[in-house]
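To start, the structure under review is shown below, and the notes come after it.
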Amino acid sequence: MTRLVVVSNRVPSAAELAPGQEGAAVVGGLVSAVKTLMLRQQGLWMGWSGRTTTRRRSDPPTIELSGGPVELATIDLTLDESNLYYLGFSNRTLWPLFHTFPERVDVRHDTFRAYQRVNERFATSLFPLLGKNDLVWVHDYQLILVGEYLRRLGWKGKIGFFLHIPFPSPDVFEILPWARDLLNGLLEYDLLGFHTQRYRQNFVDVMDREVGGIWNDPHYAVGDRTVKVRKFPIGIEPGTFHDAAMASTTSVSTELSLPNDDDHKIVVGVDRLDYTKGIPERLKAFERMLDRHANMRGRVTLVQVTQPSRSRVREYIEEREKVERLVGQVNGRYSDAAWVPIRYLYRFFPQTQLARFYHDSHVGMITPLRDGMNLIAKEYIAAQGEDPGVLVLSKFSGAAVELTEATQVNPYDTDGTAEQLYQALRMPHTERVRRWRSQMNAVTENTARTWGESFFQELQLS
Ligand code: F6P
């Protein structure tokens, strides 16, 4: 049997992979989707332990193996590597670049060198663990060069790469002085996967401009290298999610002591704290809705769950300050003895509790400024029941391609978003049900399972 070897920067803890832990808190879509696949596949999953050590650069890499249904192989990073590779090049250069925030892109040669070194260390640590029939699947922007380093070590087997975030247009990508290095690295894979047709097309356009090869859909060829390029929209396990919503006994009204009557509406937003998620823009749109529609004051609460993320990166510290200032501003302006318009929760919640929040709310507001897919939008749909809430979804998320019956908004347009939110709060039951059914079909069609299986099969065929 072919063994699947997954490589990603972040891995779940061994405890999270234990049976019965499906509802545990997981940060980001990558781990939650890959976890589903790996629990089925029982392969090897390699990544950063999340720890930093004082190892010297010249020390040989050490790898720790967990045992268990999914074998976890983890390496530590030094503090310097974590600062330069993870906080630096991955999250202050590639993250803003790929999400089309060019003014935030930090161009530093030392962080790129650290990125190369850490990618190489992932490859040298993994190589001795590989068997000749293994399929290697590398994930995300932190590890683009792992495939190339594995090839240099002599690995001849199949390697696939999936990008969990958007791929930008050539005008943005070429800002990076190491654009060619990354593209050459991508050419070493057998299969490249993107969430949407648009990201895939951007990749082809960037290759045409920067490298100049031959595109014969779905293959891109440069010299003797050919890579297959496909879209694989990532999904969730809708059944598991719906069950999770039903299993949680604490309703959002009980948890937050909100009025529990039909006349009081709940809007829910759940995000990692990240400037790409458009949280300040959402808060402003909510405030604008209250400004314009006095009848909603005292009758609607925005529950904003914000999960701490990358909290040592300056931009994230600033974003948190911005969000908290705005929450204070809106609440200071509108709260009265009986009502606080925004309930802001800066912490992690288990998935079961989040699912219940989605289920109980009247509107889910998922309004990123740019997002590769956004699985929370799909989770929101899966958690609904007989009396479904309305999904207000950014047109700049990958999920908007599939969830065409969501109320789609441009989060940069405060007035427009405020108005769409107001309409969503008043949407009649029949229309809510019609739209939800159509979105549920989409969520059921592309699941975490079909995503993982189709990539795996395609990689085998490559
Ligand atoms: O899905 C995008 C992604 O960056 C993943 O690669 C990552 O694991 C997740 O979001 C959370 O980010 P981080 O690992 O930096 O906390």
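Numbers here are sequence positions counted from 1. Whatever order the structure lists them in is the order used to number ligands and atoms, beginning at 1. What you see is a predicted model, and the numbers here were worked out from it, not measured in a lab.
- Atoms of ligand 1 found under 4.0 Å from any heavy atom of Tyr141 (numbered from 1 in listed order, with element): 4 (O).
- Ring geometry, Tyr220 versus Phe203: the interplanar angle exceeds 60°, so the pair is classed perpendicular (tilted spans 30 to 60°).
- Checked against a 3.5 angstrom limit, the closest N/O atoms of Asn9 and ligand 1 fall outside it.
- For ligand 1, the polar-atom distance check against Arg10 finds a nitrogen or oxygen pair separated by under 3.5 Å.
- No hydrogens or angles considered: a donor-acceptor pair under 3.5 Å links the side chains of Gln304 and Arg282.
- The aromatic rings of Phe161 and Tyr189 are tilted relative to each other, their planes meeting at an angle between 30° and 60°.
- Salt-bridge check for Lys158 with Asp190: failed, with every basic side-chain N at 4.0 Å or more from each acidic carboxylate O.
- Under 4.0 Å from ligand 1, not a single heavy atom of His139 appears.
- For the 3.5 Å distance criterion, the side chains of Asn410 and Asp413 fail to qualify, holding no donor opposite an acceptor.
- Atoms of ligand 1 found under 4.0 Å from any heavy atom of Tyr86, numbered from 1 in the order shown, are 13 (P), 14 (O), 15 (O), 16 (O).
- Of the N or O atoms in Trp95, none lie within a sub-3.5 Å distance of an N or O in ligand 1.
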